[in-house]
Amino acid sequence: MRLSQYFLPILKETPKEAEIVSHRLMLRAGLIRQQAAGIYSWLPLGYKVLRKIEQIVREEQDRAGAVELLMPTIQSADLWRESGRYDAYGKEMLRITDRHDREMLYGPTNEEMITEIFRSYVRSYKELPLNLYHMQWKFRDEVRPRFGIMRGREFLMKDAYSFDVSKEKAVEAYNRMFVAYLRTYKRMGLTAIPMRAETGPIGGDLSHEFIVLADTGESGVFCHADLLNKPIPGDDVDFRGDLSGIVADWTSLYAATEDMIEMSEFEAAVPEDKRIAARGIEVGQTFYFGTKYSEPMGATVTTSDGTDVPVHMGSYGVGVSRVLGAIIEASHDDNGIIWPQSVAPFDVGLINLKSGDAATDAACDGLYEQLTNAGLDVLYDDTDQRPGGKFATADLIGVPWQVIIGPRGAAAGEAEIKNRKTGERETLPIAD
RNA sequence: CGGGGCGUGGCGCAGUCUGGUAGCGCACCUGGUUUGGGACCAGGGGGUCGCAGGUUCGAAUCCUGCUGCCCCGACCA
């Protein structure tokens, strides 16, 4: 992509509403534009990153055996009356009336709808286990949206729902998602720690929040320091096998959110030099909630002995848009964002230091074509800005590698390669 | 929902107390000189000062109501 043809509205000055670093950088680097409190447009660069995160989540869900579909943003109030949550959910739910005075709502989550889909088609235990997920925009009318995309009202969430014939089978499904989450966050360059969590209005008795430690996080958390360096299950992990050992290993070390903690318990479980009391960003949560929805909504299957039983369910959320903010919180410096390779909007930023100079243009144009043909996604700064501005822009938007060519390099047939993260530079012949 | 703050050109702000031609920096446009870490000179365009009402000869400025946004707290998959 040539920058001269792209839409990258970067800001030199920080809009005053942005308090935390990820919000500031997202506005300055032209990733998002606020449209109302907690509601954002995704500008091209931000949307590109969002799609990369989405794709990683998708690949790991698929690997763990979940199946993607897509449910609508608008739901019918009747469906929510079946579970009893239409009245229980409160003001966070955005309620809408259509032209026929039908009561609708903008979905804050999809347990009811997925249960409705399940009960319409699935009759037999032989069709289980089943895990269905989607990535869809949610709306929760937060009292106080804040921190940019981290606590928006409209946000993109991946939510998966598992259906099993028994609690034992449901825990196996839970474990698959647990392991998938460990892998998902790792691939995005995040260290996310699963912590025992409250189940909240979704209900149930087994739940973990996946937390990225950050001073700007909204939750207080307590955990064992060894969890920060625990190895993540690799590509060879068998999602059709027994994962309980991995989960048991991870949950053997103390980790809990502030709502769940007993200080005496924490102190008993973790030696003093291993205690971490910090703040964290919740980037995902897993729940097992049994028959909370299947029972009132009549989602049953026939078992091998011919009886009908309500299915045991779990739900598993990843805050896709929030993850993007968390990555920036975890990976930036004074000059801007530092994207992990796996989610970077472009692989390479190619900087032409003197656009309009025939030799420099020729060298850059040629290299741009080569890199692009080699399968790299290149943002080519072919504008007539001055070098200082180009360097500042490249650092701000944070692509992992910068390739810099000016008149001197063009004459010598050399390009300077800069690693955004380390700042290391080396000069290489362009032919390579 | 309780408390606090803010709304003046695309962004950041001054001007409001004490009413009297709407300003500054950046950005943008034109011409020129420039180009290895956010250039310089000259010229130029763009704002019914959040909205409505009131006071006044005259309102960005004073009064009333409304609205939007931000921060702290409470709340919260």
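Chain letters run A, B, ... following the sequence lines, proteins first, then strands; residues in each count from 1.
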**Q** Answer with base, sugar-phosphate or nothing: what part of the nucleic acid does A:D395 contact at a heavy-atom distance below 4.0 Å?
**A**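 The answer is base, as A:D395 lies within the cut-off (heavy atoms under 4.0 Å) of a base atom.
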
**Q** Classify the ring geometry of A:H208 against A:Y174: parallel below 30°, tilted from 30° to 60°, perpendicular beyond 60°.
**A**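 A:H208 and A:Y174: tilted rings.
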
**Q** Kindly indicate whether the side chain of A:R425 and the base of B:G37 share any N or O donor-acceptor pair separated by less than 3.5 Å?
**A**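 Such a pair exists between side chain and base.
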
**Q** Have a look at A:K16 and say if it touches a base, only the backbone sugar-phosphate, or nothing, with a 4.0 Å heavy-atom cut-off.
**A**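 Contact class for A:K16: sugar-phosphate only.
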
**Q** Round to the nearest Å and state the distance from A:Q385 atom CD to B:U35 atom P.
**A**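 These atoms are roughly 17 Å apart.
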
**Q** Determine whether a donor-acceptor pair (one donor, one acceptor, N or O, separation below 3.5 Å) exists between the side chain of A:R28 and the base of B:G38.
**A**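 Check passes, donor-acceptor contact within cut-off.
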
**Q** Within the structure shown, what part of the strands sits under 4.0 Å from A:A36 by heavy-atom distance: base, sugar-phosphate, or nothing?
**A**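 Counting heavy atoms under 4.0 Å across all strands, the contact made by A:A36 is with sugar-phosphate only.
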
**Q** Check the pair A:Q35 / A:S41 against side chain to side chain donor-acceptor pair (under 3.5 Å), numbers first and verdict last.
**A** CA-CA 7 Å; A:Q35 305 292 171; A:S41 290; 2.6 Å; yes

**Q** Starting at the 5' end of RNA chain B and moving along, which residue's nearest nucleotide shows up first, A:E142 or A:E19?
**A**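 Its nucleotide being nearer the 5' end, the pick is A:E19.
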
**Q** Are any of A:R386's side-chain N or O atoms less than 4.0 Å away from OP1 or OP2 of B:A39?
**A**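 For B:A39, OP1 or OP2 has a side-chain N or O of A:R386 closer than 4.0 Å.
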
**Q** Is there a Watson-Crick or G-U wobble partner for B:G47 with both distances under 3.5 Å, and if so, which one is it?
**A**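 B:G47 is paired with nothing.
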
**Q** For B:G32 and B:U18, measure between their C1' atoms and round to the nearest Å.
**A**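 That atom pair is separated by 47 Å.
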
**Q** Give one of base, sugar-phosphate or nothing for A:A392, where a contact means two heavy atoms less than 4.0 Å apart.
**A**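 Base, at least one base heavy atom under 4.0 Å.
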
**Q** A:K91 has a side chain; which of B:C6, B:G36, B:C1 sits nearest to it?
**A**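 Output: B:C1.
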
**Q** Would you say A:D395 and A:Q402 are linked by a side-chain donor-acceptor pair, where the criterion is simply a distance under 3.5 Å?
**A**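 The criterion, which ignores hydrogens and geometry beyond distance, is satisfied for A:D395 and A:Q402.
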
**Q** Looking only at side-chain atoms of A:K12, point me to the closest of B:G36, B:G38, B:C75.
**A**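 Of B:G36, B:G38, B:C75, B:G38 is nearest to the side chain of A:K12.
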
**Q** Using the side-chain heavy atoms of A:P387, tell me which of these nucleotides is nearest: B:G36, B:C70, B:G25.
**A**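 Side chain of A:P387 sits closest to B:G36.
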
**Q** Quick check: are there more than 12 heavy atoms from other residues, nucleotides or ligands sitting under 6.0 Å from NZ of A:K169?
**A**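 No, because the 6.0 Å sphere around NZ of A:K169 holds 12 heavy atoms or fewer from other groups.
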
**Q** Tell me whether the OP1 or OP2 atom of B:G36 has a side-chain N or O from A:K354 closer than 4.0 Å.
**A**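 For B:G36, neither OP1 nor OP2 has a side-chain N or O of A:K354 closer than 4.0 Å.
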
**Q** Looking at A:T383, A:D384, A:V403, A:D361, which one forms a side chain to side chain contact (heavy atoms under 4.5 Å, CB included) with A:N352?
**A**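 It is A:D361; the other options fail the test.
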
**Q** Nearest to the side chain of A:E13 - B:G38, B:G25, B:C75?
**A**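 Given the options B:G38, B:G25, B:C75, the side chain of A:E13 is closest to B:G25.
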
**Q** Which nucleotide in the set B:C70, B:C1, B:G73 lies at the smallest distance from any side-chain heavy atom of A:R146?
**A**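 When the side chain of A:R146 is considered, B:G73 is the closest of B:C70, B:C1, B:G73.
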
**Q** Nearest of B:G36, B:G38, B:C70 to any side-chain atom of A:Q34?
**A**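 Of all the options, the side chain of A:Q34 is nearest to B:C70.
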
**Q** If you assign each of A:H23 and A:S355 to its closest nucleotide in RNA chain B, which residue comes earlier from the 5' end?
**A**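 Result: A:S355.
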
